[in-house]
Each structure stands twice: as structure tokens, then as C-alpha cells.
Peer 1: 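Please see the structure below; I have some questions.
A quick note: this is a predicted structure, and the numbers were derived from the prediction, not measured.
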Amino acid sequence: MTPYAEQDDIVALYDERLLENIAWDDDAEAIDTTMVSSALTRATDFMNSYIGARYRLPLATTPAG
């Protein structure tokens, strides 16, 4: 299932420094995009556990953030 948000959404809303603080890979000297993607997938699964109790999934459309 497609996540409700992407890494670019986090950067647009909070700034890239947030991701640097929580998902920095010292070895690669970059943000660990796999970690971010995994976190967004887990968040989507968590939201779907509530949304799916009331609505059919996947949602046809999602509200803009």
C-alpha cells in the first residue's frame, strides 16, 4: 500500500534538519532513506488500522496535508 506521506512531505513541512537529526547515516554521510521509508510505511499501516475499521481500503482519495 502506498504511504500517505513521502520524505519530501516531511522536508516541506518540517525542514530537512529534522530528518538529519533522526535518520542520519554516519557511514554514508547522508539521510538513511530506507529508514525514513520504513517509518512512513509503519505510520501508514498504523493509520490504516484505524481507517480500515470504518472505510474500505485503499482509500480512493486522500485529503491534502
Side-chain angles (χ1 to χ4, degrees):
M1 192 162 298
T2 303
Y4 293 112
E6 296 177 353
Q7 182 170 324
D8 290 342
D9 297 319
I10 296 171
V11 172
L13 188 60
Y14 297 107
D15 195 68
E16 193 161 21
R17 286 178 287 172
L18 174 71
L19 291 178
E20 290 171 354
N21 286 330
I22 61 174
W24 188 256
D25 181 343
D26 287 328
D27 294 331
E29 295 185 4
I31 293 169
D32 185 340
T33 57
T34 301
M35 180 188 296
V36 174
S37 177
S38 176
L40 289 168
T41 298
R42 287 192 315 269
T44 296
D45 292 343
F46 181 76
M47 289 185 283
N48 282 340
S49 71
Y50 287 93
I51 295 168
R54 182 169 181 142
Y55 301 100
R56 182 184 221 175
L57 296 174
L59 297 174
T61 61
T62 56

Peer 1: Considering residues at least two apart in sequence or located in another chain, which fulfil the salt bridge (Lys or Arg N to Asp or Glu O under 4.0 Å) criterion with Asp25?
Peer 2: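 With neighbours one apart ignored, the set is empty.
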
Peer 1: Return the set of residues passing side chain to side chain donor-acceptor pair (under 3.5 Å) with Asn48 (not counting sequence neighbours), or none when no residue passes.
Peer 2: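 For Asn48 the side chain to side chain donor-acceptor pair (under 3.5 Å) partners, ignoring immediate neighbours, are Tyr4.
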
Peer 1: With sequence neighbours excluded, tell me which residues meet salt bridge (Lys or Arg N to Asp or Glu O under 4.0 Å) with Arg56.
Peer 2: none

Peer 1: Distance-only check: which donor-acceptor pairs under 3.5 Å involve side-chain atoms of residues 28-38, not counting sequence neighbours?
Peer 2:
residue: Asp32; atom: OD1; partner: Thr34; partner atom: N; Å: 3.1
residue: Asp32; atom: OD1; partner: Met35; partner atom: N; Å: 3.1
residue: Ser38; atom: OG; partner: Arg42; partner atom: NH1; Å: 2.8

Peer 1: When clusters are formed from ILVMFWY side-chain contacts under 4.5 Å, directly or step by step, what else is grouped with Phe46?
Peer 2: Tyr50

Peer 1: Should Leu40 and Met47 be regarded as members of a common hydrophobic cluster, given that ILVMFWY residues are connected when their side-chain heavy atoms come within less than 4.5 Å of each other, either directly or indirectly?
Peer 2: no

Peer 1: My understanding is that only residues two or more places apart in sequence, or in another chain, count here; which of them pass side chain to side chain donor-acceptor pair (under 3.5 Å) with Tyr55?
Peer 2: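 Not a single residue meets the side chain to side chain donor-acceptor pair (under 3.5 Å) criterion with Tyr55.
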
Peer 1: Going by the side-chain hydrogen bond (donor to acceptor under 3.5 Å, both in side chains) test, which pairs reach into residues 5-15, not counting sequence neighbours?
Peer 2: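 Every pair satisfying side-chain hydrogen bond (donor to acceptor under 3.5 Å, both in side chains) with a residue in residues 5-15: Asp15-Arg17.
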
Peer 1: Shortest non-hydrogen contact from Pro3 to Thr41?
Peer 2: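 The answer is CG-OG1, 4.2 Å.
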
